[in-house]
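One structure is given here, and the rest of the page talks about it.
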Amino acid sequence: MEKIKMTTPLVEMDGDEMTRVIWQMIKDELICPFVDLKTEYYDLGLEYRNKTNDQVTVDSAEATKKYGVAVKCATITPNAARMTEYNLKEMWKSPNGTIRAILDGTVFRAPILVKGIEPYVKNWVKPITIARHAYGDVYKGSEMKIPGPGKVELVYTAQDGTETRELVHDFKGSGIVQGMHNLTSSIESFARSCFNFAVDTKQDLWFATKDTISKKYDHTFKDIFQEIYDTEYKATFEELGLEYFYTLIDDAVARVIRSNGGYIWACKNYDGDVMSDMLATAYGSLSMMTSVLVSPKGVYEYEAAHGTVQRHYYKHLKGEETSTNSIATIFAWTGAMRKRGELDHLPELSAFADKLEKACIDTVESGKMTKDLALITTLKEVTPLNTEDFIKAVRETLEAAL
């Protein structure tokens with residue numbers, strides 16, 4: 001068959017460790033044989049980020065703003081051990097945090113449902129979508145180690161030079177301190193993204209923070225959501241029979257576990273990070289979760305919601321066989337290709353993305369899957385496959401469908 005033509009490139013953000021290996025396999029086996037792939041490539045592997053003083057991460061985000069659609073591989077956020085392992089100049093910040101700060105918007109994450117992979121929470125019969133704020137909080141925080149006794153204050157200096165101070169803590173000994181922030185404009189964008197997504201997908205919207213403890217920071221989130229709902233979305237929600245409600249984060253967790261699913265759960269940045277991993281695992285696997293950042297200006301960045309699979313990568317380097325689930329990374333590519341097809345009026349590109357996703361699901365439902373799924377499936381006839389053989393099995397299913 002003739003390859004599907006593209007007119008506008010995708011921004012391609014390569015990553016680290018096992019997911020970087022899988023990234024190339026996906027392109028070689030599942031995309032390039034069928035699509036005349038056009039991308040603007042950025043190497044977000046930790047070594048090249050270190051070499052460019054992380055400028056490559058900023059450049060990739062700016063390119064995403066230019067072209068409108070990006071696809072990103074999982075990347076390492078370095079800790080002290082990684083500093084030594086990769087001989088880093090400094091402990092570079094999360095690439096996702098940098099990109100999201102530049103693009104703003106909201107990350108929507110939803111599980112990929114497959115027959116034979118039953119949720120651990122048995123009453124979850126419909127997917128739960130996490131809407132994660134993509135700016136600020138601990139991901140843009142400033143931190144200090146406090147060496148000994150002394151006073152730490154928050155200081156706001158207005159443009160006219162006047163100061164407002166708030167005591168953080170009067171230290172009697174050593175300790176640690178963190179300052180974090182958010183922006184009214186970004187919280188407003190977050191709220192509107194969530195309400196719009198709820199209207200588009202005809203799903204109820206839940207929002208939760210800890211406003212009883214954080215009476216200014218979290219309470220501001222709550223107030224902005226409520227004001228925007230009341231003035232801009234309430235009538236539409238009522239017309240569609242949809243519900244918006246706010247609750248405390250701990251109450252939300254209890255409600256989520258008792259629910260049947262089928263709604264959007266909006267979370268602040270850190271809450272969304274943690275809860276999306278919990279949901280992904282509870283639905284079956286971290287490698288079965290889609291993730292897309294949607295900016296207020298209509299920019300889309302698709303990624304897998306899991307990490308770089310470090311343990312498998314070390315096995316791979318030793319020449320040992322791995323069985324790494326590539327489905328979330330494949331779905332990052334399909335999401336980006338589908339959106340590129342929509343924006344460029346290339347229905348054949350969007351249709352190919354749909355067929356590739358169906359090939360993944362059909363392959364698993366036929367009993368061919370990686371070990372993480374083989375260990376939890378209720379299917380009787382199962383063939384556990386290694387990393388490469390699973391991708392080749394998906395290709396066989398795809399070719400049969402095409």
Go through the steps to decide whether E232 and R192 satisfy the test salt bridge (Lys or Arg N to Asp or Glu O under 4.0 Å), and finish with yes or no. CA-CA 9 Å; E232 299 178 31; R192 290 190 177 96; 2.7 Å; yes

With a 4.0 Å cut-off on N to O distance, would you call [X] and [Y] a salt bridge?
| X | Y | result |
| --- | --- | --- |
| K392 | E396 | no |
| K66 | E62 | no |
| D43 | R20 | yes |
| D16 | R49 | yes |
| R340 | E342 | no |
| E303 | R100 | yes |
| R338 | E357 | yes |

If I take atom [atom1] from residue [X] and atom [atom2] from residue [Y], how far apart are they, to the nearest 0.5 angstrom?
| X | Y | atom1 | atom2 | result |
| --- | --- | --- | --- | --- |
| S60 | I99 | OG | CD1 | 4.0 Å |
| I22 | I330 | CD1 | CD1 | 8.5 Å |
| T220 | D218 | OG1 | CG | 8.5 Å |
| I213 | H219 | CD1 | NE2 | 12.0 Å |
| D211 | I249 | CG | CD1 | 11.0 Å |
| K65 | K297 | NZ | NZ | 6.5 Å |

Working note: D250 + K210, criterion salt bridge (Lys or Arg N to Asp or Glu O under 4.0 Å); need CA distance, chi angles, decisive distance, verdict. CA-CA 8 Å; D250 35 355; K210 195 70 171 175; 2.9 Å; yes

Are [X] and [Y] an aromatic pair by the rule of ring centers under 6.0 Å?
| X | Y | value |
| --- | --- | --- |
| F207 | Y244 | no |
| F195 | F237 | yes |
| F221 | H133 | yes |

Trace of the ring pair (Phe, Tyr, Trp, His ring centres under 6.0 Å) decision for Y48 with Y42: CA-CA 10 Å; Y48 194 66; Y42 293 86; 9.5 Å; no

Taking the cut-offs as 6.0 angstrom to the six-membered ring centre and 45 degrees off its axis, would you call K339 and Y300 a cation-pi pair?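 Judged by the rule, K339 and Y300 form a cation-pi pair.
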
Measure across [X] and [Y] and return the closest heavy-atom pair with its distance rounded to 0.1 Å.
| X | Y | answer |
| --- | --- | --- |
| L37 | C32 | CD2-SG, 4.1 Å |
| A191 | I228 | CB-CD1, 3.9 Å |
| T370 | T324 | CG2-O, 3.5 Å |
| F245 | T247 | CE1-CG2, 3.9 Å |

Is it true that, when you exclude K368 itself, more than 12 heavy atoms of the residues, nucleotides or ligands shown sit nearer than 6.0 Å to its NZ?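 Counting other residues, nucleotides and ligands, NZ of K368 stays at 12 neighbours or fewer.
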
With D204, which residues qualify under salt bridge (charged side-chain N to carboxylate O under 4.0 Å, His left out), at least two apart?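 Checked D204 against salt bridge (charged side-chain N to carboxylate O under 4.0 Å, His left out); zero matches.
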
The single option from V35, T397, L402, L30 passing side chain to side chain contact (heavy atoms under 4.5 Å, CB included) against L356: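 The single option meeting the side chain to side chain contact (heavy atoms under 4.5 Å, CB included) with L356 is L30.
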
From T322, T308, L317, residue fulfilling side chain to side chain contact (heavy atoms under 4.5 Å, CB included) relative to M18: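 Among T322, T308, L317, the one meeting side chain to side chain contact (heavy atoms under 4.5 Å, CB included) with M18 is T322.
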
Using the ring of each side chain (for Trp, its six-membered ring), is Y135 parallel, tilted or perpendicular to H181, with breaks at 30° and 60°?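 Judged by the thresholds at 30° and 60°, the geometry between Y135 and H181 is perpendicular.
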
Could you verify whether a donor N or O on one side chain and an acceptor N or O on the other, from N123 and N260, lie under 3.5 Å apart?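 On atom types as modelled, these side chains do not qualify, holding no pair under 3.5 Å.
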
Is it the case that the side chains of Y302 and T290 hold a donor-acceptor pair, with the cut-off being a distance below 3.5 Å and no angle test?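 No donor-acceptor contact under 3.5 Å links the two side chains.
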
List the steps, then state whether salt bridge (Lys or Arg N to Asp or Glu O under 4.0 Å) holds for R395 with E388. CA-CA 11 Å; R395 178 169 177 173; E388 188 171 3; over 6 Å; no

Table please: side-chain donor-acceptor pairs of residues 104-113 below 3.5 Å, with sequence neighbours left out.
from : atom 1 : to   : atom 2 : distance (Å)
D104 : OD1    : S186 : OG     : 2.7
R109 : NE     : S291 : OG     : 2.9
R109 : NH1    : S276 : OG     : 2.9

Using side-chain contact (heavy atoms from CB on, under 4.5 Å), reason through F197 and T129 one step at a time and then give a plain yes or no. CA-CA 10 Å; F197 198 80; T129 300; 4.0 Å; yes

Determine, step by step, whether E12 and W23 satisfy the side chain to side chain donor-acceptor pair (under 3.5 Å) criterion, reporting the C-alpha distance in whole Å, the side-chain angles of both residues, the deciding distance to 0.1 Å, and the verdict. CA-CA 10 Å; E12 177 185 352; W23 192 260; 2.9 Å; yes

Might you work through the side-chain contact (heavy atoms from CB on, under 4.5 Å) test for E40 and M13, ending with a clear yes or no? CA-CA 9 Å; E40 184 162 308; M13 305 173 181; over 6 Å; no

Derivation of the side-chain contact (heavy atoms from CB on, under 4.5 Å) call for F171 and V152: CA-CA 8 Å; F171 284 86; V152 174; 3.5 Å; yes

Report the C-alpha separation of D344 and T8 in whole Å, then their side-chain angles, then the decisive distance to 0.1 Å, and conclude whether the side chain to side chain donor-acceptor pair (under 3.5 Å) test is met. CA-CA 7 Å; D344 293 352; T8 310; 3.0 Å; yes

Could you please spell out the steps behind the salt bridge (Lys or Arg N to Asp or Glu O under 4.0 Å) verdict for R132 and D273? CA-CA 7 Å; R132 173 187 173 188; D273 190 358; 3.7 Å; yes

May I have the step-by-step check of side chain to side chain donor-acceptor pair (under 3.5 Å) for S94 and N96, ending in yes or no? CA-CA 5 Å; S94 159; N96 290 336; 4.8 Å; no

Intermediate values then yes/no, side chain to side chain donor-acceptor pair (under 3.5 Å), T231 and K234: CA-CA 7 Å; T231 58; K234 186 175 182 180; over 6 Å; no

